[in-house]
Amino acid sequence: MFGNNNARAQTSTATRRLMKEYKDLTADPLQDTITAGPISEDNMLEWEALIQGPEGTPYEGGVFATKLVFPSDYPLNPFTMTFDPPLLHPNIYPNGVVCISILHPPGDDPLHYESASERWSPVQGVRSVLLSVLSMLAEPNIESGADVECCKLYRDNKPEFERRVREQVKNLLGI
């Protein structure tokens with residue numbers, strides 16, 4: 001009985017927070033390079049974001065769709081972010097899921113790779129994550145990669161990595 005009310009209260013808190021974040025993003029867009037919002041007004045826990053590839057990177061000129069799925073206890077826990085279709089990048093799993101410290105659960109890292117301050121905390125939000133992902137596209141972290149083969153390619157043959165990314169961007173744009 002109480003568990004159901006608690007889940008409903010968490011979802012209500014998440015929805016209120018997300019409505020505020022959406023309003024803030026609409027009033028103050030992210031550098032004209034990112035748009036984000038709920039897929040449907042009926043479900044604030046699923047968003048879509050479109051990210052323009054950063055200038056001066058092999059992603060330049062591309063527009064990449066991502067799906068953000070928020071847990072019912074947001075902002076206590078982070079959302080997941082998935083590029084669809086998946087993007088070739090050292091910090092993006094082959095299935096499109098983004099691997100970045102700011103989206104890792106709060107608290108100490110069991111592998112002792114990152115400090116708690118680098119991980120999710122409720123003071124973070126959609127804006128800070130999207131800006132971090134934009135930065136990640138420009139500067140991959142191959143020391144903590146999600147796609148091991150992509151990390152190797154980036155480290156050992158960066159020109160080939162960049163060629164493949166540019167080719168992927170052209171294919172996504174239908175060029």
Side-chain angles (χ1 to χ4, degrees), residues 17-19 21-41 43-71 74-75 77-105 114 118-120 124-175:
R17 166 76 179 258
L18 288 167
M19 288 174 68
E21 289 193 51
Y22 179 57
K23 182 179 172 187
D24 292 346
L25 284 169
T26 305
D28 183 18
L30 289 164
Q31 308 170 352
D32 296 327
T33 58
I34 301 172
T35 58
I39 294 171
S40 161
E41 290 182 15
N43 182 2
M44 288 298 290
L45 299 180
E46 287 189 16
W47 286 30
E48 180 178 67
L50 297 175
I51 301 174
Q52 290 183 23
E55 289 183 19
T57 73
Y59 302 98
E60 183 175 4
V63 177
F64 310 105
T66 66
K67 185 174 182 182
L68 285 56
V69 178
F70 299 86
Y74 181 81
N77 279 295
F79 55 92
T80 58
M81 183 173 181
T82 306
F83 279 88
D84 186 23
L87 199 56
L88 181 66
H89 189 281
N91 305 113
I92 299 173
Y93 287 101
N95 66 0
V97 173
V98 174
C99 178
I100 190 170
S101 297
I102 196 172
L103 285 178
H104 294 165
E114 11 178 72
E118 295 173 299
R119 296 167 70 90
W120 178 262
Q124 305 292 352
V126 174
R127 177 182 300 273
S128 58
V129 170
L130 291 175
L131 289 172
S132 293
V133 169
L134 191 61
S135 177
M136 176 197 83
L137 289 176
E139 298 177 26
N141 176 3
I142 62 169
E143 299 303 316
S144 177
D147 184 334
V148 175
E149 291 304 313
C150 187
C151 287
K152 287 181 192 175
L153 180 62
Y154 184 88
R155 182 189 65 223
D156 298 339
N157 192 348
K158 192 171 177 185
E160 175 62 13
F161 166 80
E162 291 178 349
R163 186 196 68 74
R164 289 186 192 179
V165 170
R166 285 189 190 94
E167 186 174 309
Q168 184 181 32
V169 169
K170 285 180 185 176
N171 288 340
L172 290 173
L173 293 173
I175 300 174

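Throughout, residue positions are numbered sequentially from 1 according to the sequence presented. What you see is a predicted model, and the numbers here were worked out from it, not measured in a lab.
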_Within the 4.5 Å heavy-atom criterion, are L137 and T57 side-chain neighbours or not?_
no

_Summary of salt bridge (charged side-chain N to carboxylate O under 4.0 Å, His left out) pairs that have at least one residue in residues 139-154, sequence neighbours excluded_ = E149-K152

*Who are the salt bridge (charged side-chain N to carboxylate O under 4.0 Å, His left out) partners of R163, not counting sequence neighbours?*
E160, E167

_Is the shortest side-chain heavy-atom distance between K23 and M19 below 4.5 Å?_
no

Residues 78-97 side chain polar contacts: donor-acceptor under 3.5 Å, at least two apart:
unit_1	atom_1	unit_2	atom_2	d
H89	ND1	N91	N	2.9
H89	NE2	M136	O	2.9
N91	OD1	N141	N	2.8
N91	ND2	N141	O	2.8
N91	ND2	S144	O	3.2
N95	OD1	V97	N	3.1

_Tell me every residue that passes side-chain contact (heavy atoms from CB on, under 4.5 Å) with S135, counting only those two or more places apart in sequence or in another chain._
none

*May I have all residue pairs that pass salt bridge (charged side-chain N to carboxylate O under 4.0 Å, His left out) and include part of residues 44-56, sequence neighbours excluded?*
E46-K67

*Any side-chain heavy atom of L50 sitting closer than 4.5 Å to one from F64?*
no

_side-chain contact (heavy atoms from CB on, under 4.5 Å) involving Q124 - partner list, sequence neighbours excluded_ = I102, W120, S121, S128

*Only pairs at least two apart or in different chains count here, so list each ring pair (Phe, Tyr, Trp, His ring centres under 6.0 Å) that has a residue in residues 144-175.*
Y154-F161

_Checking D24 now: which residues fulfil salt bridge (charged side-chain N to carboxylate O under 4.0 Å, His left out) with it, not counting sequence neighbours?_
K20

*Sequence neighbours left out, what passes side chain to side chain donor-acceptor pair (under 3.5 Å) with E21? Give chain and number order.*
R17, Y74

_L25 side chain reached by W47 side chain, heavy atoms, under 4.5 Å_ = yes

*Is V98 close to V133 at the side-chain level, that is, under 4.5 Å between some pair of heavy atoms?*
yes

*Answer whether the closest heavy-atom distance between the side chains of V169 and E60 falls below 4.5 Å.*
no

*asked:* Holding to side-chain contact (heavy atoms from CB on, under 4.5 Å), I want the full list of residues that pass it with T26, two or more places apart in sequence or in another chain.
replied: Y22

_Any P54 side-chain heavy atom under 4.5 Å of L134 side chain_ = yes

*Taking side chain to side chain donor-acceptor pair (under 3.5 Å) as the test, write out the residues that go with R166, two or more places apart.*
none

